Colleague: 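One structure coming up, written as structure tokens, with questions to follow.
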There are 2 protein chains.
Amino acid sequence: MAEFDLIELIRSRCAITREDVRMGIGDDAALLAVPAGQLLAISTDTLVAGVHFSLQTMAYDIGWKALAVNLSDLAAVGATPAWATLALTLAQADACWVADFADGFAALAREYKLALVGGDTTQGPLSITVTIHGFVAEGAAVLRSGARVGDTVYVTGTLGDAVAGLRCLDKNDPHAKRLLSAPPGTRESLIERLNRPTPRVAQGLALRGRASACIDVSDGLLADLGHICTASGVGAEIDADALPSSSALLALFDGEARRTLQLAGGDDYELCFTASATEGANFLGDLARCGCAATRIGRIVAEAGVRVHDSAGRAVLLPRLGWEHFA
Amino acid sequence: MAEFDLIELIRSRCAITREDVRMGIGDDAALLAVPAGQLLAISTDTLVAGVHFSLQTMAYDIGWKALAVNLSDLAAVGATPAWATLALTLAQADACWVADFADGFAALAREYKLALVGGDTTQGPLSITVTIHGFVAEGAAVLRSGARVGDTVYVTGTLGDAVAGLRCLDKNDPHAKRLLSAPPGTRESLIERLNRPTPRVAQGLALRGRASACIDVSDGLLADLGHICTASGVGAEIDADALPSSSALLALFDGEARRTLQLAGGDDYELCFTASATEGANFLGDLARCGCAATRIGRIVAEAGVRVHDSAGRAVLLPRLGWEHFA
């Protein structure tokens, strides 16, 4: 299959019409109109085969996740998704694989009326770079740097599921036998969280003007909350017993094992945010109406760093901090 | 070297201040202001090690070229460069390599006051995806689709140099011995054209409102002019003897060998454009003042396809059409 056929295959499966796309795929550059009064929000994320997903991952899931992780970055600043470009590097031009990949990408794109406006297909080791574009009114974006001492720390959804799903897929996991004997649907729900994360776009939009700081949990809660603390010049204290857990995670992991997955496991793509005590109470209801409740997990303090305690106030020994390339 | 140190190394070497960058590297998304009345032009290009550049290529040149090929896409539509994101996938976090890469990228970025506003560094087989953003007034972009029967076809600079440079680097080239005995500086000037292409940004800006269609020559003249013809619903006739040649190319290749390099060789990043006969004559002087003259190489005709003849009117047999991934 030739390069131009590949591009046409992807284009046709991701076709979404937007009035602000003056020129989409097919020229040297896309031409796009940003609404008056809005800033352009841009983020980019790469997924590499064997690093960000296993070689067994289905093409549909890879397409979904490549867009999901980028949508999650827009969600974290409270931007409305608009357009994306897709740089797809493939070892072979397998039409079935590319069609499935495009379908996974398009399923999520349609949900947000996001238009694929350009890209590049090249031959090489499998890797995907999506660059995403959205809008946010000037002054309305929620940044990492706004956390203040006394703010409450929240997280949407549940934590630890994606990395638990990764362990469920690992035949060499020390608990592989126990994980395989889990109740029906348990492993599958965790693996689904790994392979088809839900970007918290509606929640991110609901946080504008109310949260003081926000980040998406891609590297792990401790690492990502650490980024908020560094950018804001503050610290945080987390109650490990308050971390929200899915029933699947509770069924398969307990004690320190679960805590480690929740504190250090990445790839959940939940939003971790801070808000003043009064603000926080006000909009938790709005978040729940977006289909994903938020949980209070700690507070912002003056002393730098992120510390974890249990509900009895005892310090919790920290696992390794988040995912780190080149570590 | 850890991921965050790498990002800081790249950021510090590419630091360029622009008032329209409200939030650059360091949050989940960059926040940027597009000027009123301007469309956003976006393009993305990936370079893969072993495919787009050899493993012997210097890091500085890879950084330069990764940005140059993207600037060339903006040039082709007549957009003014503004911002870029950089997705860098590296096998090892080699600080020296990354510093050299960033210096090459930054050298070209500074020339155009282009700000690096975000990116992603990941571990994996070496590959670089740049997504570039620029501005062009609504209605002013030069598209591929505007060529009309009777228009003249032009190309900036000289053709065939980059692919000739590639042959100079190939120890197994059938003429390797002759190429190595070239006059001093000849091989080097061709290799420089391959590794540090000059994007024709000023020329692209000068074409706005005057050229009827434009594309950059990345895949080879025949392939890229073919894209103009397809998008415009026309054909083209090219005079092979009119193709502009550098003195280095003339010194090393002649006859059919040179013709093939010029018609099918990619990677030159010159602009191929069309203009009505009266318009064309008017702005050739402006282009020359941008430091890169354009040459008249043919004309647009009604019959589909690109045909090549020599100055005596004899048909020239066409080489394989341009670079094609997955061919």
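Here is how names work: the chains are called A, B, and so on, in the same order as the sequence lines, proteins then strands, and each is numbered from 1. Remember, predicted model here, so these are calculated numbers, not experimental data.
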Colleague: Answer with side chain, backbone, both or neither: which region of A36(B) has an atom nearer than 4.5 Å to a non-hydrogen atom of chain A?
Modeller: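 No part of it gets close to chain A.
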
Colleague: Taking the inter-plane angle between the rings of F135(A) and W83(A) on a 0 to 90° scale, is it parallel (under 30°), tilted (30 to 60°) or perpendicular (over 60°)?
Modeller: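 Rings of F135(A) and W83(A): perpendicular, as their planes differ by over 60°.
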
Colleague: Quick one: which of T44(B), L32(B), D216(B) has the most heavy-atom pairs under 4.5 Å with chain A, could you say?
Modeller: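 Counting heavy-atom pairs under 4.5 Å, the top option is L32(B).
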
Colleague: Please classify the contact between A41(B) and chain A as side chain, backbone, both or neither, with a heavy-atom cut-off of under 4.5 Å.
Modeller: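 For A41(B), heavy atoms of backbone and side chain both lie under 4.5 Å from chain A.
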
Colleague: Taking all non-hydrogen atoms of both residues, which atom of G26(A) and which atom of R144(B) are closest, and how far apart?
Modeller: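 Answer, listing the atom of G26(A) first, then R144(B): O-NH1, 3.5 Å.
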
Colleague: Run the side-chain contact (heavy atoms from CB on, under 4.5 Å) check on L31(A) and V136(B) step by step: do they pass?
Modeller: CA-CA 8 Å; L31(A) 299 173; V136(B) 61; 3.6 Å; yes

Colleague: Among M23(B), R18(B), E19(B), which one satisfies side-chain contact (heavy atoms from CB on, under 4.5 Å) with V21(B)?
Modeller: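 Single side-chain contact (heavy atoms from CB on, under 4.5 Å) partner of V21(B) among M23(B), R18(B), E19(B): R18(B).
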
Colleague: With rounding to the nearest 0.5 Å, note down the distance linking CD in E270(B) to CG in L221(B).
Modeller: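 Nearest 0.5 Å value for the CD-CG distance: 11.0 Å.
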
Colleague: For the residue pair F101(A) and I10(A), establish whether any side-chain heavy-atom pair is separated by less than 4.5 Å.
Modeller: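 With C-beta onward as the side chain, the pair stays apart.
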
Colleague: Using a cut-off of under 4.5 Å on heavy-atom pairs, state which of V48(A), N70(A), I42(A), I228(A) scores highest against chain B.
Modeller: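 Between V48(A), N70(A), I42(A), I228(A), the count favours I42(A).
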
Colleague: Give, as side chain, backbone, both or neither, the part of R22(B) having an atom under 4.5 angstrom from any heavy atom of chain A.
Modeller: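 Only the side chain of R22(B) comes within 4.5 Å of chain A.
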
Colleague: Does any backbone or side-chain atom of A30(A) lie under 4.5 Å from a heavy atom of chain B? Answer side chain, backbone, both or neither.
Modeller: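 When you check distances to chain B, atoms from both the backbone and side chain of A30(A) fall under 4.5 Å.
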
Colleague: T46(A) versus chain B, heavy atoms under 4.5 Å apart: side chain, backbone, both or neither?
Modeller: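 Both backbone and side chain.
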
Colleague: Could you check which of S145(A), C214(A), G119(A), G134(A) has the highest count of heavy-atom pairs closer than 4.5 Å to chain B?
Modeller: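 The answer is G119(A).
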
Colleague: I want to check something: taking the side chain as every heavy atom from C-beta on, are Y269(B) and D267(B) in contact at a cut-off of under 4.5 Å?
Modeller: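 Touching, per the 4.5 Å side-chain cut-off.
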
Colleague: Do you know which of V77(A), V34(A), T85(A), L143(A) has the most heavy-atom pairs with chain B at a distance under 4.5 angstrom?
Modeller: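 Option with the greatest count: L143(A).
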
